[in-house]
Amino acid sequence: MKPSLVKGTRDFGPAVMQRRKYIFNTIETVFKKYGFMPLETPAMEQLETLTGKYGEEGDKLLFKILNSGDFAANANDAIWNSKASNKITSQISEKGLRYDLTVPLARYVAMNRNEITFPFKRYQMQPVWRADRPQRGRYREFWQCDADIIGSESLMNEADLLCIAAEIFEKLGIRFSILLNNRKILEAIASKLNIEDKFQSFVILIDKLDKVGFDAITNELSDLGLDNFQMDTLKNLLVKMPFNLNSISTIENKLIGIDRAKEGCDEIRKISNFTGTTGIINSIYIDLSLARGLDYYTGSIIEIKANDVKMGSISGGGRYDNLTGVFGLPSVSGVGISFGIDRIYDVMEELNLFANVAQTEVKAMFCHLDENGQNFNYTLASELRKEGISIEVFPDIKKLPKQFEYAEKKGIPVVIITGDDEIASEQLSYKNLITKEQGKIERTELGGFLK
RNA sequence: GUGGUUGUAGCUCAGUUGGUUAGAGCGCUUGAUUGUGGUUCAAGAGGUCGCGGGUUCGAGCCCCGUCUUUCACCCCA
């Protein structure tokens, strides 16, 4: 048969993995610096754990796993014959692949509530699966790197997440914009416009504002019942503002007398108090048109975009006040952020930001021309490896140019050439393949030379 | 899930209104070069034209299906 990949999935070869690992390591280092601890959960969850958490659209994108054994025989006859896919699914599938890392976290916290010390700060870097139609920057299998704080209502956590994001993207060399909003302010706006009952449709509409512009959604807004005056009010509110006290006051004044607005603005103000001295505020904007589709957000919402590449968001998150409630653990507030490393990779690739990522850790490759050289090199290599230096020994006896080409292609900077003269004198010939510099080096000094 | 788009050598792509044996550049292999590569020169290998079916005397080219890619919608990392 002809081998092929499943739609929307990819292999990651050594060169790509080296770069992906660099991104993972950068993110993980920053997470650890803020006190987050690692967690891993299974690729599959009970279907009922997953369904209903991501909205109607989200449920459609869940990958479902067929029951083991003779699943058809156990199905209810009437349902089986009804040809109603969604009903049949519930008869033959009880498991699904995880859709994100937040719901599995909520499930874990609810199950382990007695062992966990709160506030619980965990990070998780694992693949998730969505049955989306693939596009550039959109895959069916992709990796998320999440950091969440469960069991703390402090806005310091939001500030932490913003600082973490800023530090990660600065380290990776990506110019970015952080968009910040609060669901409570969105609720206040809906309340001011008297469309609280159509909040979901309203949120979806304004979320695509930055993509299509205000004029493109006026028809749909009037379908929601807005008149021209209300639309003007709305248009004035939904602008990208700098992250400072002035902007917050402006919003408060426009929504004066609505409690939810006051709450939302207070929250943003508290975040601003924490981050004020950190120097990251210039990358942050208050954007009231930021909505985010995920149903479970209740307070702060965050989204991050790369400035120099046209691509969906590379990171997103927010606060959810009752995610563990459905698992029998009410009144636990959490806040988290998720980094999409596949998109981050695509952005960095497009902007050529991988120049400083080494192709290999190997410091030198040993070449030889006969068995004596092979044996000598193998002994020498094992000595150097004990010192913690990455070394390759060319395994075969081939012409030198062939050996050089191998080292060149793997990005190994130095070759050591061992022949009879070198073995006798313990003076090894080396050549730097990048600078083309070559010479002799004492065997005993080789370790220091390669470090 | 809806509607478009894409697929030809390892890679990037040509390929005329349907007409013998499908091309180029790069890469690859071998040699010039038995201890110094990426230059140069010479020779060579490599393709069931995504897959399946159909129309035709004849299909890389036309039609249908399917898979893949990509774009818009939807949603999102």
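So you know, we letter chains A, B, ... as the sequences are listed, proteins then strands, and number each from 1. Since the structure is predicted, the reported quantities are computational estimates derived from the model, not experimental observations.
Comparing B:rA77, B:rC28, B:rC75 by their nearest atom to the side chain of A:Lys409 picks out B:rC28. Here the side chain of A:Asp207 is nearest to one of B:rC76, B:rG35, B:rA77, namely B:rC76. Closest contact between the side chain of A:Gln144 and the listed nucleotides B:rA77, B:rC75, B:rC71 involves B:rA77. The side chain of A:Arg343 lies closest to B:rA77, out of B:rC74, B:rG31, B:rA77. For A:Gln135, counting side-chain heavy atoms from C-beta on, the closest listed nucleotide (B:rA77, B:rG35, B:rC71) is B:rC71. Taking the side chain of A:Leu61 as heavy atoms from C-beta on, and the options B:rC75, B:rU36, B:rU30, the nearest nucleotide is B:rC75.
Looking at heavy-atom distances under 4.0 Å, A:Gly58 makes no contact with the nucleic acid at all. Within the 4.0 angstrom heavy-atom criterion, only backbone atoms of the sugar-phosphate kind lie near A:Glu57; the bases stay farther away. Using a 4.0 Å heavy-atom distance criterion, A:Gln403 is classed as making no nucleic acid contact. Residue A:Asp370 is out of contact with every strand shown, counting any heavy-atom pair closer than 4.0 Å. Counting any heavy atom pair closer than 4.0 Å across all strands shown, A:Ser429 reaches a base atom. Heavy atoms of A:Ile417 sit under 4.0 angstrom from at least one base atom. Residue contacts for A:Gly316: at a heavy-atom cut-off of 4.0 Å it reaches the sugar-phosphate backbone alone, with no base atom in range. A:Lys310 comes within 4.0 angstrom of sugar-phosphate atoms only, judged by non-hydrogen atoms across all strands, and of no base. Residue contacts shown for A:Gly317 are absent, as no nucleic acid heavy atom lies under 4.0 Å away. Across all strands, A:Asp342 comes closer than 4.0 Å to no nucleic acid atom at all (heavy-atom distances).
Using a 4.0 Å cut-off between charged side-chain N and carboxylate O, A:Arg319 and A:Glu267 make no salt bridge. We find that A:Asp342 and A:Arg10 are joined by a salt bridge, their nearest charged nitrogen and carboxylate oxygen being less than 4.0 Å apart. A:Glu167 and A:Lys171 are joined by a salt bridge, as a carboxylate oxygen and a charged side-chain nitrogen come within less than 4.0 angstrom of each other. At a threshold of 4.0 Å, the pair A:Glu350-A:Arg136 counts as salt-bridged, since one of the basic side-chain nitrogens sits closer than that to a carboxylate oxygen.
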Can you give each donor-acceptor pair under 3.5 Å made by side-chain atoms of residues 35-46 of chain A, sequence neighbours left out, with the distance rounded to 0.1 Å?
residue, atom, partner, partner atom, Å
A:Thr41, OG1, A:Gln124, NE2, 3.0
A:Glu45, OE1, A:Arg107, NE, 3.0
A:Glu45, OE2, A:Arg107, NH2, 2.8

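The closest side-chain donor-acceptor pair between A:Ser300 and A:Glu158 falls under 3.5 angstrom.
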- Query: Going 5' to 3' along nucleotides 38-47 of chain B, which nucleotides have protein heavy atoms under 4.0 Å from the base (write B), which only from the sugar-phosphate (write S), and which from neither (write -)?
  - Reply: B---------

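Distance check on atom C1': B:rC71 versus B:rA9 gives 28 Å, rounded to whole Å. Taking atom C1' in both B:rG60 and B:rC51, one finds a spacing of 14 Å when rounded to whole Å. Going from the P atom of B:rU16 to that of B:rC61 covers 11 Å, rounded to whole Å. Nucleotides B:rA14 and B:rA22 place their C1' atoms 11 Å apart, quoted to the nearest Å. Between the C1' atoms of B:rG47 and B:rG10, the separation comes to 12 Å (whole Å). Here, B:rG23 and B:rA45 have their P atoms 13 Å apart, quoted to the whole Å. Distance noted for atom P between B:rA77 and B:rU5: 30 Å (whole Å). For the C1' atom pair drawn from B:rC28 and B:rG38, the interatomic distance equals 15 Å after rounding to whole Å.
Of the options A:Leu162, A:Asp160, A:Asn157, a side-chain contact (heavy atoms from CB on, under 4.5 Å) to A:Ile271 is made by A:Leu162 and by none of the others.
At a cut-off of 3.5 angstrom, the base of B:rC75 holds at least one donor-acceptor pair with the side chain of A:Arg138. Side-chain to base pairing of A:Arg133 with B:rU2: one donor and one acceptor N or O lie within less than 3.5 Å of each other. Taking only distance into account, the side chain of A:Glu422 meets the base of B:rG35 through a donor-acceptor pair shorter than 3.5 Å.
Of the possible polar contacts, one joining the A:Asp100 side chain to the A:Val103 backbone as a donor-acceptor pair under 3.5 Å is found.
Taking both residues in full, the closest heavy atoms of A:Val415 and A:Ala407 are given as CG1-CB, 3.7 Å, listed atom of the first, atom of the second, then distance.
Stacking between A:Phe339 and B:rA77 is absent: the ring centroid is not both under 5.5 Å from the six-membered base ring centre and under 30° in plane angle.
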